[in-house]
Amino acid sequence: MFRNQYDTDVTTWSPAGRLFQVEYAMEAVKQGSAAIGLRSKTHVVLGCVNKANSELSSHQKKIFKVDDHIGVAIAGLTADGRVLSRYMRNECINYNFTYESPLPVGRLVVQLADKAQVCTQRSWKRPYGVGLLVAGLDESGAHLYYNCPSGNYFEYQAFAIGSRSQAAKTYLERRFENFADSSRDDLVKDALMAIRETLLGETLKSSICTVAVVGVGEPFHILDQETVQQMINAFEIVGEQEGPAAEPDAAAGQEAAAEQGGSTDEGVAPMDI
């Protein structure tokens, strides 16, 4: 039996119980540029890599504001992410108009997951080829969710999606126990460090990354490049001062990166993702 016997339609099951079209959409998320999210008790930080396809073009926007208390970072097909973020924005506006209160983050995530699930059960539709990290703050605290093209959603303390995201996940897994009590600036620093892990030796600059923050007393907003560059310079100076003492760890990190490098995706898919 060949896979292409069962992947022509999103509603056709394979004998192994798989929907290949949904798996292809999830693969599109892995091919997109990396997006990272992490949260504390009071703040949520989103970060992403925004590389241009050409030196002559600008990069695609990867982080969208949904409401004052919610924002999303995407990895995958940018056009699908733009449509879904507009849907989320409309849902927030309608809820606020009807109930005169902000839409709870968990409810919006469920509505988004339901919208994605419909596309896995209709033969005339295709799954959305984008993964979304939804950051928000409501009465129950700070939240970070991941919405999958399959219609599943998960809440995380910290997570990374997209190309070469495994390196960022490894960094976040080492540090996540400290995130709950971290300050806003420490969260931003950890987000930048996780982004740097996905670059595989390339210099981290504010021009190739975007960082956004939402928290208590702080509406969702994207940090300007000057602020991000100042933070990058600050922790790089500290890293240089601690460099001699951290050489063994750095060597181990390089070996791990070399092992991971063989299994990571080289380049990006032809689509602008």
Might you point out which heavy atoms bring [X] and [Y] nearest each other, and give the distance in Å?
X	Y	result
Gln21	Pro127	O-CG, 4.0 Å
Ser33	Val49	OG-O, 3.1 Å
Pro219	Val214	C-CG2, 4.3 Å
Ile74	Gly81	CD1-CA, 4.0 Å
Arg196	Leu204	CB-CD2, 4.0 Å
His43	Gly215	CD2-CA, 3.5 Å

Decide side-chain hydrogen bond (donor to acceptor under 3.5 Å, both in side chains) for Thr210 and Lys62; before the verdict, give the C-alpha distance in whole Å, the side-chain angles of both, and the deciding distance to 0.1 Å. CA-CA 8 Å; Thr210 303; Lys62 299 289 184 180; over 6 Å; no
Taking the six-membered ring for Trp, are Phe159 and Tyr146 closer than 6.0 Å centroid to centroid? yes
Nearest 0.5 Å please: distance from the CG atom of Leu144 over to the CG atom of Leu46.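 That separation rounds to 7.0 Å.
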Contact between His69 and Phe220 at the side-chain level, heavy atoms closer than 4.5 Å - yes or no?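 A side-chain contact is absent here, since even the closest heavy-atom pair is not under 4.5 Å.
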Side-chain donor-acceptor contacts of residues 102-115 below 3.5 Å, not counting sequence neighbours, with atom names and distances?
none

Listed once per pair and sorted, the side chain to side chain donor-acceptor pair (under 3.5 Å) pairs that draw on residues 198-207, sequence neighbours left out: Lys51-Glu202, Ser206-Gln229
Which residue pairs pass the side chain to side chain donor-acceptor pair (under 3.5 Å) test when at least one of the two sits in residues 118-135, sequence neighbours left out? Asp80-Arg126, Gln117-Gln121
When you measure from the side chain of [X] to the backbone of [Y], do you find a donor-acceptor pair of N or O atoms at a distance under 3.5 Å?
X	Y	answer
Thr227	Leu223	no
Gln157	Arg39	yes
Asp9	Thr12	no
Arg89	Lys65	yes

Between the side chains of His143 and Asp138, is a donor N or O closer than 3.5 angstrom to an acceptor N or O?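 Yes, Asp138 and His143 have a side-chain donor paired with an acceptor closer than 3.5 Å.
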Taking atom types as modelled, is there a side-chain donor on Lys30 or Ser163 under 3.5 Å from an acceptor on the other? no
If you count every heavy atom of other residues, nucleotides or ligands that lies below 6.0 Å from Tyr153 atom OH, does the total exceed 12? no
By side chain to side chain donor-acceptor pair (under 3.5 Å), which residues pair with Lys61, not counting sequence neighbours? none
Report whether Tyr87 and Tyr145 are members of the same hydrophobic cluster (ILVMFWY, side-chain heavy atoms less than 4.5 Å apart, transitive linking).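 They do share one cluster, since a chain of ILVMFWY contacts under 4.5 Å joins Tyr87 to Tyr145.
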Phe179 with Phe235, same ILVMFWY side-chain cluster at under 4.5 Å: yes
Without placing hydrogens or testing angles, list every side-chain donor-acceptor pair under 3.5 Å for residues 92-99, not counting sequence neighbours.
unit_1 : atom_1 : unit_2 : atom_2 : d
Asn94  : ND2    : Asn90  : O      : 3.2
Asn96  : OD1    : Ser101 : N      : 3.3
Thr98  : OG1    : Asn94  : O      : 2.9

Let me check something: any side-chain donor-acceptor pairs from residues 181-188 under 3.5 Å, sequence neighbours excluded? List them with distances.
unit_1 : atom_1 : unit_2 : atom_2 : d
Asp181 : OD1    : Lys41  : NZ     : 3.3
Ser182 : OG     : Asn178 : O      : 2.7
Ser183 : OG     : Asp186 : N      : 3.3
Ser183 : OG     : Asp186 : OD2    : 3.2
Arg184 : NE     : Glu218 : OE1    : 3.0
Arg184 : NE     : Glu218 : OE2    : 2.9
Arg184 : NH2    : Glu218 : OE2    : 3.2

